[in-house]
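Read the structure below first, then the notes.
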Amino acid sequence: MAVAVTDDTIGVAENRTLVRGDFVLSPNAPTTITPGDEFEVSVGVANNLAGSGANAQLSVSLKTGAALQIEGAASQTLSIAENHESSAHFRLKTLDQLGAVNLEFTVASGAVSARRHIDISVRPATPYMTSLLAGTFKHGSKDVRIDRNLYPQYRTLDASTSLVPLNLAHGLVSYLSNYPYACTEQIVSQAMPALTLAERPEFGYVVTVSGADIESLVNELRVRQNDEGAYKLWPGGNTVVEFVSLYAQHFLIEATAQGKAVPASLIQSGNAYLRAVAIRDGNNLADERDSAYAIYLLVRQGHVMSAEASALRKRLTERYKDRWQQDIAAAWLAASFKLMHQDHEADQAIAAIRFEQAAAPGTPDDGMYDDPMTRDGFLLYVLSKHFPDRLSALGPEVLESLATRINSNRYHSLSAGTTLLALNAYVAATHADTAPQLAIRELLRDKAVRQLELPAALMPKVPFSDAAQALRFTSGTDLNAFYLVNESGFDRTPPHEAIVKGFEILREYTDATGHPLTQIKMGDQADVHLKFRAVQEHTSIAAVALVDLLPGGFELVIPTGNSESGPCSFCTGDSTAADLSYADPREDRVVFYGTLTGDVQEVVYRIKATNIGTYTIPPAYGEAMYDRGLVARSIAGKIEVVKP
């Protein structure tokens, strides 16, 4: 059909033609499967071969990749009359190998044939995890044991050592590049390596990792910016967290300073929000901390904020005289005075503030965005950028505490992002250099020792093999050397026990009447009940992510015409999660975000069985996104899908 239009008339022309192949193949297979799953795939075959007759004999065969094993015959003969169709079924078993696996269906009759390829994703029952081991040592050696048994696919095993603490950033980059959640703070932090490290030769790879596209981030922030210039916490929602908006604006200001393409209108609207925060009279120290941050970000861009900075200092002195000098608000205020050439006021504001002790807990002191590692990251950033003469007085424990926190898993997306910002500024301010007396050796399981060849770089990183039982770091200098070991990937052994650390999560499949399911007919639907609660009385855990992976052979049911305006558009009316803030449906999983209390909350959604087979039900798991010590996991299970 062709249509032509002018100002006063329209013309239409239409003709017909027939386009068809000799055979039409219509495969049906799960989109994702798990090692150990046994399942059935089918392929519909339409016979359009002219002259093949009423008793055409067609050979239908299947070839698979190495991750799948065909149970039974790989080829079948179907009798399909011309202009009719039928289907062939094959039974498969998933082997212990991850990644995309190809299925090739072939149908042939004599010299005429047709092929159809589809891919299935083999996904483990365990989440992707980054494990970082870090520390410092002097003249001598340090052995670090390697414990995880990871699938070789999507695995990262590397180590680095340097006299410069920025080598610890290699591990934080790995953690952020595989970060699975996407609130505004998290996508900004995920792009921080590309902003801060891309120009350093040892970190050139950061521009290729997930989340590194600064242009895409800028476009996403444009979508999330509201009429007041703030940035919404989630896409499609209206929730605004003041600090997160300031942090996002900080990123854009840094990007602009580096010559990145950031629309002026985006910056201007964000600055209007900064000014509103900067001039207000805060209700508490957390509010005043944000006001100090906003003043600094405006002064960074050349705005004169002397009156606002002086008024803020007066309020802090009068209302929080015993607290504010150790709050990061003092550092933001000092940096603002320094930029406005009020050196006396700057020195007074920065004089008393100190870094947290290495043994300080990883839990937030005054809100989840003011934990010790985040605070120290911002403080090191301010000192390096605006008070570099004070860096020489820092004791070694400041940077050693960073390694301790990494080693203890006391980091998250925000503290990783602010630490990268700080370390990059610190190395630029100190002009640190490395030494050739550093080395890394593998201690193999057969007791052999293998030297790893370190590249000639300030912060060298080198991969190690899965045969290593431990790594030995050595140094020939009396200066502090930093080491980092990164093990990232999927653990081979699926979990068999539940985990309850701070909260618990339970998951059950039921039919429409509420009875538990272990077997379901293909085409039927099941209700998924996800229940969760904090296990300590009167405890509230904010910013928790709950992840529920769908088993292979199932798909999420999105209700049609759902007019619910709540955070979960695909949940049923049986859900009781009052503190749910956002729900993110994906192809093979659903992710819920919210606050946990001592009361049991529940979300209910539906899935549909699409393929016959026996499938692993991966455990549901959750984590407090700003306190990695709070985690929970249900137990795995099995479910069978049978013929209707």
Side-chain angles (χ1 to χ4, degrees), residues 30-34 36-40 123 125 127 494-500 503-535 544-562 564 566-580 583-594 596-622 632-644:
T31 55
T32 59
I33 48 179
T34 299
D37 286 354
E38 297 184 17
F39 61 99
E40 187 176 282
R123 176 209 64 192
H496 299 292
E497 297 180 355
I499 293 177
V500 179
F503 67 100
E504 64 180 348
I505 181 171
L506 303 172
R507 195 258 325 282
E508 184 180 40
Y509 289 3
T510 70
D511 60 19
T513 63
H515 291 96
L517 285 175
T518 57
Q519 187 184 86
I520 187 173
K521 294 179 180 179
M522 188 177 74
D524 286 355
Q525 296 183 7
D527 284 351
V528 183
H529 299 258
L530 201 65
K531 300 178 182 180
F532 41 90
R533 69 181 179 96
V535 296
V544 175
L546 306 170
V547 183
D548 194 14
L549 279 72
L550 276 60
F554 285 81
E555 65 183 16
L556 180 66
V557 176
I558 304 293
T560 57
N562 193 337
E564 291 289 334
C568 183
S569 61
F570 57 89
C571 294
T572 72
D574 298 324
S575 300
T576 61
D579 294 314
L580 192 68
D584 183 10
R586 304 183 188 178
E587 184 178 40
D588 69 332
R589 70 194 64 195
V590 289
V591 186
F592 302 98
Y593 304 89
L596 273 58
T597 66
D599 298 326
V600 176
Q601 299 184 66
E602 180 180 18
V603 292
V604 184
Y605 65 96
R606 291 195 174 100
I607 58 176
K608 179 181 178 181
T610 59
N611 287 85
I612 294 170
T614 301
Y615 300 96
T616 298
I617 303 176
Y621 65 96
R633 185 182 68 202
S634 70
I635 58 175
K638 289 280 187 181
I639 190 166
E640 183 181 15
V641 180
V642 298
K643 292 181 180 179

Hey, can you tell me if Phe570 and Tyr605 have their rings parallel, tilted or perpendicular (30° and 60° cut-offs)?
-> perpendicular
Short question: side chain of Ser575, backbone of Ala577 - any donor-acceptor pair under 3.5 Å?
-> no
Other residues, nucleotides, ligands: >12 heavy atoms within 6.0 Å of Ile635 CD1 = no
Taking the side chain as every heavy atom from C-beta outward, state whether Phe532 and Val600 have any atom pair closer than 4.5 Å.
-> no
Aromatic plane relationship, Phe554 with Tyr509 - under 30° parallel, 30 to 60° tilted, over 60° perpendicular = tilted
Smallest heavy-atom separation, Ile612 atom then Val641 atom, equals CG2-O, 3.3 Å
Look only at the side chain of Arg633 and the backbone of Glu497, and say whether a donor-acceptor pair between them is shorter than 3.5 Å.
-> yes
Given side chains that start at C-beta, do those of Ile520 and Ile639 come closer than 4.5 Å, heavy atoms only?
-> yes
Any Val603 side-chain heavy atom under 4.5 Å of Leu580 side chain | yes
Test item: Thr576 side-chain N/O and Glu602 main-chain N/O as donor-acceptor pair under 3.5 Å = yes
Any donor and acceptor pair, going by atom type alone, linking the side chain of Gln601 with main-chain N or O of Asp579 inside 3.5 Å?
-> yes
Would you indicate whether the side-chain heavy atoms of Leu556 and Pro585 approach each other to under 4.5 Å?
-> yes
Can you tell if the side chain of Val528 reaches within under 4.5 Å of the side chain of Asp548, non-hydrogen atoms only?
-> yes
Hey, is the main chain of Tyr621 close enough, under 3.5 Å, to the side chain of Arg507 for a donor-acceptor pair?
-> no
Any chance the side chains of Thr616 and Lys638 put a donor and an acceptor closer than 3.5 Å?
-> yes
Is a donor on one side and an acceptor on the other found under 3.5 Å between the side chain of Gln519 and the backbone of Val642?
-> no
Check: Thr32 side chain, Asp588 main-chain N or O, donor-acceptor pair, under 3.5 Å | no
